[in-house]
Amino acid sequence: MSTQQLAIHGGSRTIDKTFPWPIYDQREISIVEEVVRSGKWGNPDCGEEVAKFEQEFAAYCGSKYAITCVNGSVSLRLALIACGVKPGDEVIVPPYTFITTASSVIECNCVPVFVDIDPETYNISPAAIEAAITPRTKAIIPVHFGGLACDMDAIMDIAKRHNLRVIEDSAHAHGAEYKGKKLGSIGDVGSFSFQSSKNLTSGEGGIVVTDDDELYAMMRSLRNVGRIEGGQWYEHYNPGCNYRITQMQAVLLSAQLKRLEEQTRRRNENGLYLNSLLEKIDGIAPLQRTANITMHCYHIYIFKYDASRFGNLPKDEFAAMLAAEGVPSFKGYPQPLYKQPLFQNKNFMCYAIPDTVDYTSVHCPVAEQACNTDAVWILQHAMLGEKEDMEAFAKAILKIQEALA
Ligand SMILES: *Cc1c(COP(=O)(O)O)cnc(C)c1O
């Protein structure tokens, strides 16, 4: 039997289907319409629908408090400032993440210290964190990458021993769990994004969750131009800004939150099934899931690609071929964050980053290998597909392998 022609070369696609995102129906339309008709689009800090959603999300996470804000980047900034970082303090971050995990640190006049990720999970390595701690270290921002929980026992233990704050960047991790606990609820603060690609979305938006009364009061004040509980409207105590969301976003998020549990379960089941299929393919290795991962929300399903089993085809070309076959897939980040011009050129503008800071010699080999040769992403909306779709994803990979043999 001759091999099938690849879709990228004009052959037929393995899977010819669109995976919709966001998912909504008349419920979302009605509830937003209702707010529009009410005329209560926003309110001082921030309106009853916003407060209601914050309570729902806090309860969902098992946290005491939640504070919405304009996006999942500002949420990190609110968390850092509330945690008491000072100019020149160091904050440990992974290099395999979205830019604002690190640039939010710059925006606090602090120094992001990049440490490598674990090759089996692509999450920040606890041993690398420990090795990077200095007297100036104030906080760690673990990122639950793709929705896979970091090694939180180890990270919380390090934080406790060194008196560090832990801000969980949970922008990928709505509904995911570690040992039965919702991600975001384990560290001092959990930060989430509601940007359009994320597993819970209102187009844009963000939220922080915490159990700490003082962090709550401060983040809430910073979100609301420095006002405080019980203060006057034109009385400002803290250097915050207007980071409030609208009532339309809040009702949309409430409606979407009702869908989240079922969607997360589906992605989790599909992810486990896809693991079982891809494990069998020579040159493809899913990331590791330990027993501590009681729920994975697969914001990104990641597998490692070994070009030597695919005729030495570079990863970027493989990812393009897979996408052409109809698998919503992507090569992922082209480089670790410290290689970005922002850090290489130290283009820190008004921010007071010490002159001694230098990113040109930073080297995180696992993150570099993930970017350059290994990591391929399948996106979350595809993980909401049917069992047969997972089979088609595996088939598409095998088709490419056969064509290259
Ligand atoms: C999306 C994302 C953010 C930023 O969220 P926005 O709402 O887009 O500002 C932060 N961290 C990670 C890991 C993200 O993926």
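Model, not experiment: these values are computed from the prediction. Numbering of residues begins at 1 and proceeds along the displayed sequence.
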- Message: Looking at E325 and K395, is there a salt bridge between them, counting it only when a charged N and a carboxylate O are closer than 4.0 Å?
- Response: no
- Close side-chain approach of V111 and I353, heavy atoms under 4.5 Å: yes
- Message: Heavy-atom count check: over 12 atoms from other residues, nucleotides or ligands less than 6.0 Å from E214 CD?
- Response: no
- Message: Is any side-chain heavy atom of E368 closer than 4.5 Å to one of K339?
- Response: yes
- Task: State which residue, out of I141, V143, L337, I167, fulfils the side-chain contact (heavy atoms from CB on, under 4.5 Å) condition with V93.
- Result: I141
- Message: Are more than 12 heavy atoms, taken from residues, nucleotides or ligands other than R37, located less than 6.0 Å from that residue's CZ atom?
- Response: no
- Item | Heavy atoms from other residues, nucleotides or ligands near CG of N163 exceed 12 (cutoff 6.0 Å) | no
- Task: List in chain and number order the residues that pass ring-ring contact (aromatic ring centres under 6.0 Å, His included) with Y301, two or more places apart in sequence or in another chain; answer none if no residue qualifies.
- Result: Y298
- Item | W21 side chain to S196 backbone, donor-acceptor under 3.5 Å | yes
- Give a yes or no on whether a salt bridge exists between E168 and K181, defined as a side-chain N under 4.0 angstrom from a carboxylate O. no
- Query: Is Q401 reaching over with its side chain to a backbone N or O of D282, donor-acceptor style, under 3.5 angstrom?
  - Reply: yes
- Does N199 reach the main-chain N or O of H174 with its side chain, forming a donor-acceptor pair under 3.5 Å? no
Donor-acceptor contacts, no H, no angles, side chain residues 201-209, under 3.5 Å, sequence neighbours left out:
residue: T201; atom: OG1; partner: F194; partner atom: O; Å: 2.8
residue: T201; atom: OG1; partner: Q195; partner atom: O; Å: 3.0
residue: T201; atom: OG1; partner: G203; partner atom: N; Å: 2.9
residue: S202; atom: OG; partner: E204; partner atom: O; Å: 2.8

- Item | Option passing salt bridge (charged side-chain N to carboxylate O under 4.0 Å, His left out) with K64 (candidates D212, D213, D211) | D213
- Does R227 offer a backbone N or O that forms a donor-acceptor pair with the side chain of N224 under 3.5 Å? no
- Taking the side chain as every heavy atom from C-beta outward, state whether V91 and L80 have any atom pair closer than 4.5 Å. yes
- Message: Would the distance check show the side chain of N292 and the main-chain N or O of Y178 forming a donor-acceptor pair, the cut-off being under 3.5 Å?
- Response: no
- Item | Of K182, R265, R289, the residue whose pairing with E177 passes salt bridge (charged side-chain N to carboxylate O under 4.0 Å, His left out) | K182
- Angle class for the F318/Y305 ring planes (parallel below 30°, perpendicular above 60°, tilted otherwise)? parallel
- Item | Residues R266 and E386 bridged, charged N to O under 4.0 Å | yes
- Are any side-chain N or O atoms of S75 and backbone N or O atoms of G72, one a donor and one an acceptor, separated by less than 3.5 Å? yes
- Task: Please examine the side chains of I129 and V115, heavy atoms only from C-beta on, and report whether any two atoms are closer than 4.5 Å.
- Result: yes
- Trace of the side chain to side chain donor-acceptor pair (under 3.5 Å) decision for E56 with S254: CA-CA 8 Å; E56 288 168 5; S254 277; 2.7 Å; yes
- Message: Any heavy-atom pair between the side chains of V50 and R244 that's under 4.5 Å?
- Response: no
- Message: Going by salt bridge (Lys or Arg N to Asp or Glu O under 4.0 Å), name the residues that satisfy it together with K17, two or more places apart in sequence or in a different chain.
- Response: D389
- Item | Close side-chain approach of L274 and I378, heavy atoms under 4.5 Å | yes
- Query: Can you check whether M218's main-chain N or O pairs, donor with acceptor, with N238's side chain at less than 3.5 Å?
  - Reply: no
- Query: Judged by atom type as modelled, is there a donor-acceptor pair below 3.5 Å linking the side chain of E54 to the main-chain atoms of T68?
  - Reply: yes
- Are a donor atom and an acceptor atom from the side chains of R220 and Y65 found within less than 3.5 Å of each other? no
- If you measure from CZ on F98 to OG on S73, what distance do you get to the nearest 0.5 Å? 6.0 Å
- Note, T246 side chain near W41 side chain (heavy atom, < 4.5 Å): no
- Please walk me through it: do I99 and F343 pass side chain to side chain contact (heavy atoms under 4.5 Å, CB included)? CA-CA 11 Å; I99 183 74; F343 295 109; 4.0 Å; yes
- Message: Checking the side chain of H236 only, and the main-chain atoms of G226 only, is there a donor and an acceptor separated by less than 3.5 Å?
- Response: no
- Task: Answer yes or no: does atom NZ of K346 have more than 12 heavy-atom neighbours from other residues, nucleotides or ligands under 6.0 Å?
- Result: yes
- Message: Quick one: does any side-chain atom of K399 pair with a main-chain N or O of R13 as donor and acceptor, under 3.5 Å?
- Response: no
- Message: Side chains of F348 and N109, heavy atoms from C-beta outward: is any pair under 4.5 Å?
- Response: no
- Does any donor atom in the side chain of Q256 or Y24 lie under 3.5 Å from an acceptor atom in the other side chain? no
- Can Y60 and E261 be counted as having a side-chain donor-acceptor contact under 3.5 angstrom? yes
- Query: Under 6.0 Å between the ring centres of F145 and Y122?
  - Reply: no
